[in-house]
Amino acid sequence: RDIRIQVGRTGALTPVAELEPVNVGGVLVARATLHNEDEIARKDIRIGDTVVLQRAGDVIPQIVSVVTDRRPEGSTPYVFPDICPACGSHAVRPPGEVVKRCTGGLICPAQRVERLIHFVSRPAFDIDGLGEKTIQEFYDEGWLHGPADVFKLPEREADIATREGWGKLSASNL
C-alpha cells in the first residue's frame, strides 16, 4: 500500500512497508521492515507492488522479493526522503553507512519520543505502566519533553487518573 518512514531515537530513518493484511504462518501481517534505502533499491520495491513475504526467524515480517509481472503500470522507483518526515530537518547518510539519519536531534519530536521510550524501557529505568502509547500521549499532552519530566509525573497524578483507561490506583502505581 505504502512505504512509511519511521524515525528512531538516534535519528535513523527506517522504511516500513504498509501492506494489505495477510496471514503468514498464523499471524496477520500488515507491516514489514524494508531495512534501509539500499535494500529498497536492491529489491526494486515500489508502492503498489505485490510482494513475497516471510517471517524472518519466524518473527519479523520481511519482504523477500517483488512479483514484477503483477507490478502496476506506470509505477516508479521509490525515492528515499532527504528530509525528516517528523521535523523537516535534513536527512543525511554519512559515507560508509547504510542508514540515513535526521539531523534534527532534540528538536525532532520523533527522536524525543523514542528517547523517552528508551529511557523508561526495561534495560534502562524499567518503569511499569509507562509504555510507548502512554509516552506518546503524555508527550502530546505536554507533560513529557525530556527524561527529567518523568520524575515530575507525580505532580500530574490527579490529571492522569482522569484519563481514559486510568484510575486513581493505576495513576498512583505509575
Side-chain angles (χ1 to χ4, degrees), residues 1-126 130-137 139-140 144-147:
R1 290 183 183 174
D2 198 6
I3 296 175
R4 192 169 53 86
I5 303 295
Q6 293 181 331
V7 183
R9 70 183 167 92
T10 63
L13 303 184
T14 304
V16 176
E18 299 287 340
L19 309 167
E20 192 67 42
V22 62
N23 190 318
V24 180
V27 176
L28 193 62
V29 175
R31 297 169 27 146
T33 181
L34 294 173
H35 302 288
N36 56 54
E37 183 176 14
D38 290 348
E39 192 71 1
I40 293 172
R42 185 178 72 77
K43 293 179 180 175
D44 191 23
I45 298 169
R46 302 177 184 189
I47 295 171
D49 277 348
T50 299
V51 296
V52 176
L53 190 66
Q54 75 176 15
R55 286 175 51 218
D58 249 2
V59 180
I60 301 167
Q62 70 179 24
I63 292 175
V64 177
S65 62
V66 174
V67 182
T68 54
D69 57 333
R70 294 189 65 188
R71 177 169 279 162
E73 198 173 308
S75 74
T76 58
Y78 180 75
V79 177
F80 209 87
D82 289 325
I83 61 164
C84 174
C87 71
S89 296
H90 290 286
V92 297
R93 182 175 170 179
E97 290 192 22
V98 295
V99 176
K100 197 173 261 192
R101 294 184 189 279
C102 167
T103 59
L106 291 179
I107 68 156
C108 180
Q111 287 185 62
R112 291 173 79 173
V113 167
E114 289 299 320
R115 286 177 178 160
L116 286 166
I117 290 167
H118 177 72
F119 181 77
V120 303
S121 70
R122 186 170 286 127
F125 269 74
D126 193 17
L130 199 53
E132 292 182 30
K133 182 180 173 189
T134 304
I135 290 281
Q136 185 67 58
E137 288 175 5
Y139 180 85
D140 293 343
L144 290 178
H145 290 288

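Residue indices begin at 1 and follow the sequence shown. The structure displayed is predicted, hence computed values, not measured ones. The analysis underlying the following values was restricted to heavy atoms, covering all of them including side chains, and did not include hydrogens, waters or symmetry mates.
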All side-chain hydrogen bond (donor to acceptor under 3.5 Å, both in side chains) counterparts of D44, not counting sequence neighbours: R46, R71
Working note: V7 + Q111, criterion side chain to side chain contact (heavy atoms under 4.5 Å, CB included); need CA distance, chi angles, decisive distance, verdict. CA-CA 6 Å; V7 183; Q111 287 185 62; 3.9 Å; yes
So, are R70 and D49 salt-bridged, with charged N and O less than 4.0 Å apart? no
Do the side chains of D38 and R93 get close enough for a salt bridge, i.e. N-O under 4.0 angstrom?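 Counted as a salt bridge, because a side-chain N and a carboxylate O are separated by less than 4.0 Å.
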Using modelled atom types and a 3.5 Å cut-off, is there a donor and acceptor pairing between side-chain atoms of R101 and backbone atoms of L13?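 Not a single qualifying donor-acceptor pair exists.
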Does any N or O in the side chain of K43 come within less than 3.5 Å of the main-chain N or O of I63, such that one atom is a donor and the other an acceptor? yes
Distance in Å, [X] [atom1] paired with [Y] [atom2], rounded so as to fall on 0.5 Å steps:
X	Y	atom1	atom2	answer
C84	K100	SG	NZ	12.0 Å
F119	D126	CZ	CG	12.0 Å
E132	L116	CD	CG	12.0 Å

Around atom CD1 of I60, are there more than 12 heavy atoms of other residues, nucleotides or ligands at under 6.0 Å? no
What do you reckon, is NE2 of H145 surrounded by more than 12 foreign heavy atoms closer than 6.0 Å?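 It does: H145 NE2 has more than 12 such atoms within range.
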I need the minimum non-hydrogen distance between C87 and G104, along with the two atoms involved.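 Shortest heavy-atom separation between C87 and G104 comes out as SG-CA, 4.3 Å.
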Going by the salt bridge (Lys or Arg N to Asp or Glu O under 4.0 Å) test, which pairs reach into residues 10-36, not counting sequence neighbours? R1-E20, R4-E18
